[in-house]
There are 2 protein chains.
Amino acid sequence: MQLSSTSRYAIRILSYMAKQKDTQHINATVLAEVLSIPYKFLTKIMTELVNAGFLISIRGREGGYAFLKESSEIKIHDILVVFNDAIEDKQCVLGIGFCKGNDIKEKKCALHDQWEDSKEVLQKMFKESSIEDITKEGIKL
Amino acid sequence: MQLSSTSRYAIRILSYMAKQKDTQHINATVLAEVLSIPYKFLTKIMTELVNAGFLISIRGREGGYAFLKESSEIKIHDILVVFNDAIEDKQCVLGIGFCKGNDIKEKKCALHDQWEDSKEVLQKMFKESSIEDITKEGIKL
DNA sequence: TTTAAATACTACCTAAAGGTAGAATTAATC
DNA sequence: GATTAATTCTACCTTTAGGTAGTATTTAAA
């Protein structure tokens, strides 16, 4: 029960980039090094972050990546959506296709009520926390 | 961000078994059928549930599985531990090995504070809910 | 204009999760 | 005692996530 490592990498990357406010853009070699992420895997993730519209890439020599969206506008939830790691509203903790929620009592799954509460706390956290929010001085990435 | 399907199967199996109070024991063929779990995969899980001490197996003709532990004594958390799906106390949402929690501010990861709250809600749910608790009339498995 | 340093694309490799197959073992019933 | 219905063991197959390799493309600097 945890986020995929791809999602975790992505969050750390964006959070680190947000911390470097003074820098115009930053390249993959540096990111891979400071964040201890395999270079080739990181570039794959970067391309997805560009395609998702969070970043722009500057190609060629002296190139790199920079924010397209404001870091305050990028919520953790948005990142999880890109990497298929978000908790769907209707998602049931015990599986798919047999829990029909509160409508009909018969169709509730065994953990339905307990999960509803936890799910809301998690979703709230992911939907309300932006990259800017989680990027404070003194944190480790 | 969800439980492994193995864990979900295991919870559903135990929950279904707990519902059949009058039945002494129940066999794999029936379980696989009513729960729509591939028979061969189910038997693999059953063996793990036996080895974990939740169930006993009755081998040979007319055999099957029965509870060894009381269903009220089997917490969801215990099941998740068996299938390496539990949330560790120290587990950080952004990865392993770089978030040292509240001790030193410098070592907190970017989502530390937000995750702490959610983690506690989840852990509480998993640690306090027993198989008996989640096995109520009118629920779908 | 060449070179070097960067991203992008395509294809593949590896490990783990999910799932399957078949034979061995066990024990009640005929 | 033979048969049958059950669990168990060992080994393998398939899919997906995580990761790697190599080449093409882009562009600033020399």
Side-chain angles (χ1 to χ4, degrees), chain A residues 1-13 17 23-33 35-68 79-80 82-86 94-97, chain B residues 1-13 17 23-68 79-80 82-86 94-96:
Chain A
M1 188 80 178
Q2 72 168 346
L3 297 178
S4 69
S5 59
T6 307
S7 296
R8 285 184 276 132
Y9 284 155
I11 295 167
R12 288 173 60 214
I13 292 164
M17 286 181 67
T23 325
Q24 238 93 45
H25 61 273
I26 187 165
N27 72 45
T29 310
V30 171
L31 286 172
E33 199 139 308
L35 297 172
S36 303
I37 301 173
Y39 172 80
K40 281 291 195 176
F41 193 38
L42 178 131
T43 57
K44 207 174 186 176
I45 295 171
M46 295 313 281
T47 302
E48 293 189 76
L49 294 175
V50 169
N51 290 338
F54 300 145
L55 302 176
I56 48 162
S57 63
I58 299 108
R59 296 187 64 167
R61 186 166 177 163
E62 303 291 298
Y65 301 93
F67 279 102
L68 176 58
I79 301 167
L80 300 187
V82 171
F83 298 101
N84 293 312
D85 221 357
L94 286 190
I96 303 152
Chain B
M1 188 81 180
Q2 72 168 348
L3 297 178
S4 70
S5 58
T6 308
S7 296
R8 285 185 275 132
Y9 284 155
I11 294 167
R12 288 174 60 212
I13 292 164
M17 287 180 67
T23 324
Q24 240 92 47
H25 62 272
I26 187 165
N27 71 45
T29 311
V30 171
L31 286 173
E33 199 139 307
V34 297
L35 296 174
S36 303
I37 301 172
Y39 172 80
K40 282 290 195 177
F41 193 39
L42 178 130
T43 57
K44 206 175 187 176
I45 294 170
M46 295 313 282
T47 304
E48 294 189 76
L49 293 175
V50 169
N51 291 337
F54 300 145
L55 303 176
I56 48 161
S57 63
I58 300 109
R59 296 187 65 165
R61 186 167 175 161
E62 303 292 299
Y65 301 92
F67 278 102
L68 176 59
I79 302 166
L80 300 187
V82 171
F83 298 101
N84 293 313
D85 221 358
L94 286 190
I96 304 153

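Naming: A, B, ... by sequence-line order, numbering from 1 per chain.
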Below 3.5 Å, does any donor atom in the side chain of A:Lys44 face an acceptor in the base of D:dG18, or the other way round? no
Is the shortest heavy-atom distance from the side chain of A:Ile56 to the side chain of A:Tyr65 under 4.5 Å? no
Could you tell me if the side chain of B:Leu3 sits less than 4.5 Å from the side chain of B:Phe83, heavy atoms only? no
Which part of the nucleic acid, if any, lies within contact of [X], taking any heavy atom under 4.0 Å across all strands shown: a base, the sugar-phosphate backbone alone, or nothing?
X: B:Phe83; result: nothing
X: A:Thr6; result: sugar-phosphate
X: B:Thr29; result: nothing

Does [X] place a side-chain N or O at less than 4.0 Å from the phosphate oxygens OP1/OP2 of [N]?
X: A:Tyr39; N: D:dG22; value: no
X: B:Thr47; N: D:dT8; value: yes
X: B:Tyr9; N: C:dG18; value: no
X: B:Thr43; N: D:dT7; value: no

As a test of reading the structure: which of [options] is closest to the side chain of [X], going by heavy atoms?
X: A:Arg59; options: C:dG19, C:dA8, D:dT8; answer: C:dA8
X: A:Lys40; options: D:dG18, D:dT4, D:dA21; answer: D:dA21
X: A:Arg61; options: D:dG18, D:dT8, C:dT3; answer: C:dT3
X: B:Ser57; options: D:dT7, C:dT7, C:dG18; answer: D:dT7
X: A:Phe41; options: D:dA28, C:dT7, D:dG18; answer: D:dG18
X: B:Pro38; options: C:dT20, D:dT8, D:dA28; answer: C:dT20

Whole angstroms only, please: what is the [atom1]-[atom2] distance between [X] and [N]?
X: B:Leu42; N: C:dG18; atom1: CG; atom2: P; answer: 15 Å
X: B:Tyr65; N: D:dA6; atom1: OH; atom2: C1'; answer: 9 Å
X: A:Leu55; N: C:dA6; atom1: CG; atom2: P; answer: 17 Å
X: A:Leu31; N: C:dA6; atom1: CG; atom2: C1'; answer: 13 Å
X: B:Gln24; N: D:dA6; atom1: CD; atom2: P; answer: 16 Å
X: A:Leu49; N: C:dA8; atom1: CG; atom2: C1'; answer: 14 Å

Under a 3.5 Å distance rule, please check whether A:Asp85 uses its side chain to pair with a backbone N or O of A:Ser4 as donor and acceptor. yes
Check whether A:His25 reaches the backbone of A:Ser57 with its side chain - one donor and one acceptor, N or O, closer than 3.5 Å. no
Specify the closest pair of heavy atoms between A:Met46 and A:Met17, including all atoms of both residues, with the distance to one decimal. CE-SD, 4.1 Å
Want to settle it: does B:Gly63 or A:Gly60 sit nearer the 5' end of DNA chain D, counting the closest nucleotide to each? B:Gly63
